[in-house]
Each structure stands twice: as structure tokens, then as C-alpha cells.
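Written out below as C-alpha cells is the structure these notes cover.
Reminder, nothing fancy here: chain letters follow the sequence lines and each chain counts from 1.
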Number of protein chains: 2
Amino acid sequence: MIDTYRKDIRGLDLFADMEPESFDALMRGAYVQSFPPQIQLISEGEAPDFLHVVLSGSVDLFSTWNGRETSMATLYPISTFILAASVKNAPYLMSARTLERSRIALLPSEDVRAIFDTDNSFARTIVTELAQCYRSVVKNTKDLKLRTSLERLANYLLRQRRRTGSDEFDLRMEKRRLASFLGMTPENLSRAFKGLEPYGVKVKGSHIAITNPDDLLQFAKPDPLIDDYSI
Amino acid sequence: MIDTYRKDIRGLDLFADMEPESFDALMRGAYVQSFPPQIQLISEGEAPDFLHVVLSGSVDLFSTWNGRETSMATLYPISTFILAASVKNAPYLMSARTLERSRIALLPSEDVRAIFDTDNSFARTIVTELAQCYRSVVKNTKDLKLRTSLERLANYLLRQRRRTGSDEFDLRMEKRRLASFLGMTPENLSRAFKGLEPYGVKVKGSHIAITNPDDLLQFAKPDPLIDDYSI
DNA sequence: TTGGCGCCTTGATATATATCAAGCTAAGAT
DNA sequence: ATCTTAGCTTGATATATATCAAGGCGCCAA
């Protein structure tokens, strides 16, 4: 494991506070691999052999049932998945595939659980991390159940605006994947973008410009208890 | 705190393994209160003053946005809510109300966090609990995004069948609340029950009889990665 | 026993969303 | 530079779901 990767991983909240010996132990069994785009890294139902860390590129978490598929989340560096399955040693609930060429660190789940058992501060950090994950999914459920697809898109755009700190930004994923994440078809996403034009949303390819933030805010009614990922 | 309640709480996975001193400390600040039906116990956005334990009765967790409301989960004895907010000391994401007369134990969140900081085995148990919660919400999201309302109802009935171990059972909640939980209107739930008649679902008031489980199974296609809450 | 009330059901209609079938556009390949 | 192709858009249509408005049923209270 080269030192840059080691430092990247150590920088994550999840690993920042753990005992040096624990971190060393965890890194001993870990390795980094580079994957081409569209490679399936894990499949739902499998045993959780590794805790994954996205070091570069991006990864889509998705689920399937009865021939249908939906995107559950997209991960960007530096972040981990799938922690809950690893610590519980329970089958993955989601599959994962690279969206672009990506570097992924693989930490054996067995090591994660072993260190979890011995390093108390690591165990506590995992609590914080899992609580955060849990709350994110709850927010996502509220988004899905309480809002129409147009409202979901409007709030998604406002979250991107906040993340980038700018009224203009590029979508970070294909529109078809965004559609799936927002729980709609690509066709309807197209129409939804049109539907937001009256509120000052200009779309050119994957470039978005919000020309009238106040109008969009009034329509979208963002709520920290749904849209603020930091609380 | 009378001894029965104490024993009930101690019996929960979350508290079963913790140090006796820790448990005593937690119980010292705790108290049990009885509430009439339809009393709002907590409101989303509030600070998490207490970790709640349902000792008897039932509690609905729901969320609101922009004048709309949706049921997120219903809790039965003996179970806790809202652990994630308590340990993170972050605002509640959901509100809670009693559905019937209910006895609720209230454990000060501050105490929970204090003991979490000192009792290592308690910290580890919380990890397991939160991982379980997280996975449940992920399953719920898959249910919502991958299935139609008819399929969600069919699988809900099959889960009740499994829980009760019988082809006949009573719904544990009002149909309107079930509708909200399943992400549909009461009118559509009514029609959905009709729509399941061809698969051997008989409804009389809140009593359900599944006369042809194989047909229903074939239609519903239950999946352990969505419908099995134990993994 | 009998109102009355709340919840559920039903039918009619409206809206939201998905599907299907072309076309269009832009980025990469030759 | 042109071809090719994948992804996106658009319009037409179908389906799913919500809304609105009555009506029915059962449970509780007087």
C-alpha cells in the first residue's frame, strides 16, 4: 500500500482517530486495485468480504428485484461502503459498480471486525458513521414518500448548488442514473427539467444554471431534515 | 422504576449485555409514563432529549413536509426508538405518536451518551443495533423504488403471514395507516386488496385470510434482501 | 335499541408517471 | 472530416396512482 493511499484512508473520519497499531493492522491486509468503468465490484446477496474505500473515480450502489434496477446512491472519493454489512457480517443489500475508472481500497471485513472488537475508539467511530448512514437513508425515504418527482429534482439541484457553492454547476452523473436515483424514468427527468424552466432552471447538456434561486427555493421548499446531509 | 419494566428493558438486545453498573446508571434517570392514544410523543426537528422504549401499546413514527404526512414505521413492544438521534445528539428526523394507550420508558439521551462513552460493550451493541436499523431502512427503500403498490401490499401480507406463522391474521394497524406506510392512499389500498383477490387474499374488516399462499408467493416474489428483517 | 360518527369502500374523474417509438445531438472512432 | 453510436429528448399513448364525492358498514354511546 503506497503512502498516499494510506494517508487518504487515514484522513477519513472513520479511521482518523483509531489507534496507530489498529490502523497498521487494518492496512496490513488491505490492498488497492484500479478498475475500468462499468465493472461490478460487489453483488447483493454476497457475503461481505471487504469494506471498500473509493480513492478515485466514482461508484454506483444499486439494487435489483424482479428484473428491475434502481440506483440507491453514488459515492465519490474519499468514502467507504458497505460498512453495515461488514460489521454485521451479513449479506450485501446493494450491488456496486464503477462509473468511471476508479481506484478502490479493499479492507478485509474480517480484519475490520477483529479491530472493532479490540479498539474501543474505532467501535465508537463506527457508531457515529452508522448513525449518519441511517439518517441519510431516512432522509432519502422522506424525499421519496413526501415529494413528487418534480420536487425531488428541484431539491436535488438546490443541494448541488449548496455543495458547489455556485448557481452554475455540472451534473456529476449521467442523467439516466440521476433519474434512477430520483426514482423516475429518464424520459420523465427530461420533462421535469422542462418543468423547472419557469423557476429559472437552465439546462445545457449536463450543465445546470439556476438563474432565479429564490423562485426555485420557493417551489422546492428544501427542509434541513430532508436535504441537509450534515445533520 | 418498577421491577417488571426494568426486566423488560434489560431483555432488549440493546441492554442485555451491558455492565450491571452501566444499566443501573441508565435506569437511575429513566422513568416510565403511560400515554393515551393519539398523543404526540416527539416532533421532528426537536433535540433528542430521550431514548424511548415502547413497553406496551404501539407507536407510529411519521414525517411531514409541506403539509403532507407519511408513516415511516410502527413500533410494538418491546422496542426502542430513536437511537440514532440520541447517540448523535442530532435533531429527530421523525415524529412519534401513540396509536393506542401505551407505556413508554424515557431514558435521558445524555445518560445514554455518557454510558456509551464509558461502557465498551454497550458501544459495540449500539453498532449492531444501528447496522440493523440502517439495513431495515435500505430494505424499505428497495421496496418503495422497485415495487408497485400492489406488490408492496402482497409482500407486506406475506411478511405478516411469516411473523404470525399463520395464513389468517388481523392487521395490526388501521388500514389508513397501513396505506401511508406502504406509500399509497387509503382508497388505493382498498383497491389493492381487491386486486389481490385473484391470488387468494380474502379481507373481512381487518381480518386477512390467505387461501392460496402459492399463488400469492408467485405474484409477490418476496426476496430475503428486501423482506427478511432478520438479516 | 338506535343514532351518530369515523372509517372504509366504491365509482368517476384527474393527474402523475411509465412506456413505446421516433428523432436528435454530441462525443468518440475511423 | 465523417461515421457511428449511446444517451438524451420529444410526442403519443397507456398505466398507475391520487383526488373528489357519495355511500355503506360497524362500533360506540346514550
Length of the NE2-C1' vector between A:H207 and D:dC8, whole Å: 18 Å
Whole-Å distance separating the NZ atom of B:K175 from the C1' atom of C:dG6: 14 Å
Rounded interatomic separation in angstrom, taking CG from A:L144 and P from D:dT17: 14 Å
Length of the CE-C1' vector between B:M184 and D:dA16, whole Å: 12 Å
Stacked cation flag B:R172 on B:Y76, 6.0 angstrom / 45 deg: yes
Greater than 12 external heavy atoms within 6.0 Å of B:R163's CZ: yes
Interatomic distance, A:L150 CG vs C:dA16 P [rounded to whole Å]: 9 Å
D:dC8 OP1/OP2 closer than 4.0 Å to side-chain N/O of A:R176: yes
Spacing between B:L182 atom CG and D:dT17 atom P, to the nearest angstrom: 12 Å
Spacing of A:L146 atom CG relative to D:dA18 atom C1', expressed in whole Å: 15 Å
Value in whole Å for how far the C1' atom of C:dC7 lies from CG of B:L99: 15 Å
side-chain N/O A:N188 vs C:dT17 OP1/OP2, d < 4.0 Å: no
Ion pair A:D227/A:R147, N-O distance below 4.0 Å: yes
5' precedence on DNA chain C between B:E174 and A:T185 (nearest-nucleotide basis): B:E174
Stepwise side chain to side chain contact (heavy atoms under 4.5 Å, CB included) check, B:F62 with B:Q40: CA-CA 10 Å; B:F62 64 99; B:Q40 186 151 343; 3.9 Å; yes
Below 4.0 Å: OP1/OP2 of D:dT17 and any side-chain N or O of B:S149: yes
Nearest to side-chain heavy atoms of A:R191, which nucleotide of D:dT19, D:dT17, D:dA12: D:dA12
Salt bridge A:E197-A:K194, side-chain N to carboxylate O under 4.0 Å: no
Touch class at under 4.0 angstrom, heavy-atom based, for A:E187 against every strand present: base
